[in-house]
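Below is one structure; the comments refer to it alone.
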Amino acid sequence: MPDITTEDRAAIHEVIALHGHLVDDREWDRLGEVFAEDVVFDVTDYGYGIVRGLQAVQDLARGNQGDEGAPLGHHVTNVVVLGRDGATVRVRSKALTVTATGTCGSAVYEDVLAPEARGWRISSRRAVARQRGGEGAESLG
């Protein structure tokens, strides 16, 4: 399998960054620009279990919009493209959130992206809440 091109890396970064903009702007109907139709989104650390399918992800997002503890801002940083696994690419990034009360949260996104006719899409995402003492997400190794 060929290495990941510079163009693919840029497109992957764009998809990961777009998620925060769409969620914070409440553009639920555009989440298909980020997630595959058959996405598997593991938000167990946040009490939602494993969400399957784009529609279920959109429904979860819509359902949380009135939650006062829900983040107003989703920010992604430290994006690392780990490598290919067949046609898919593994990516790890850090997520920072800010709520209306000013509290902040930290998480790690463990993503698998797949190329589609309309561009790269997240086919699998695990949102791992960062814990004290380094517990939580797997290491890069």
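Starting from 1, each residue takes its place in the sequence as its number. Because the structure is predicted, anything quoted here is derived from the model rather than measured.
Summarising the geometry of Ala36 relative to Arg118, their closest heavy-atom pair is CA-NH2, 4.4 Å, with the distance given to 0.1 Å. Between Leu113 and Trp120, the shortest heavy-atom contact is O-CZ3, 3.6 Å. Closest heavy-atom contact between Ser106 and Tyr46: O-OH, 4.0 Å.
Residues Ile16 and Arg125 have side chains in contact (heavy-atom distance under 4.5 Å, counting atoms from C-beta outward). Considering only heavy atoms from C-beta on, Asp59 stays 4.5 Å or farther from Trp28 through its side chain. At a threshold of 4.5 Å between non-hydrogen side-chain atoms, the residues Asn78 and Val108 do not count as touching. Val89 places a side-chain heavy atom less than 4.5 Å from the side chain of Ile12.
In the hydrophobic clustering of this structure, Leu72 does not group with Val23; members are Ile, Leu, Val, Met, Phe, Trp, Tyr whose side-chain heavy atoms approach within less than 4.5 Å, directly or through other members. Under a hydrophobic clustering in which Ile, Leu, Val, Met, Phe, Trp and Tyr are joined whenever their side-chain heavy atoms come within less than 4.5 Å, directly or via other members, Ile50 and Leu54 fall into different clusters. Hydrophobic clustering of Ile, Leu, Val, Met, Phe, Trp and Tyr side chains at less than 4.5 Å, counting indirect connections, keeps Val40 apart from Val91.
Looking at Ser123, its side chain does come within 3.5 Å of a backbone N or O of Val112 through a donor-acceptor pair. Counting only distance, with no hydrogens or angles, the side chain of Asp45 and the backbone of Ala129 share a donor-acceptor pair below 3.5 Å.
At least one cation-pi condition fails for Arg121 and Phe35: the charged atom is not both under 6.0 angstrom from the six-membered ring centre and inside a 45 degree cone around its axis.
Under the 4.0 Å criterion applied to side-chain N and carboxylate O atoms, Arg52 and Asp42 are not assigned as salt-bridge partners.
Distance check, rounded to the nearest 0.5 Å: CZ of Arg30 to CG of Leu22 gives 5.0 Å.
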Original post:
Are Leu18 and Glu33 close enough, and set up right, to give a side chain to side chain contact (heavy atoms under 4.5 Å, CB included), and what steps lead you there?
Top reply: CA-CA 8 Å; Leu18 182 59; Glu33 295 175 35; 3.7 Å; yes
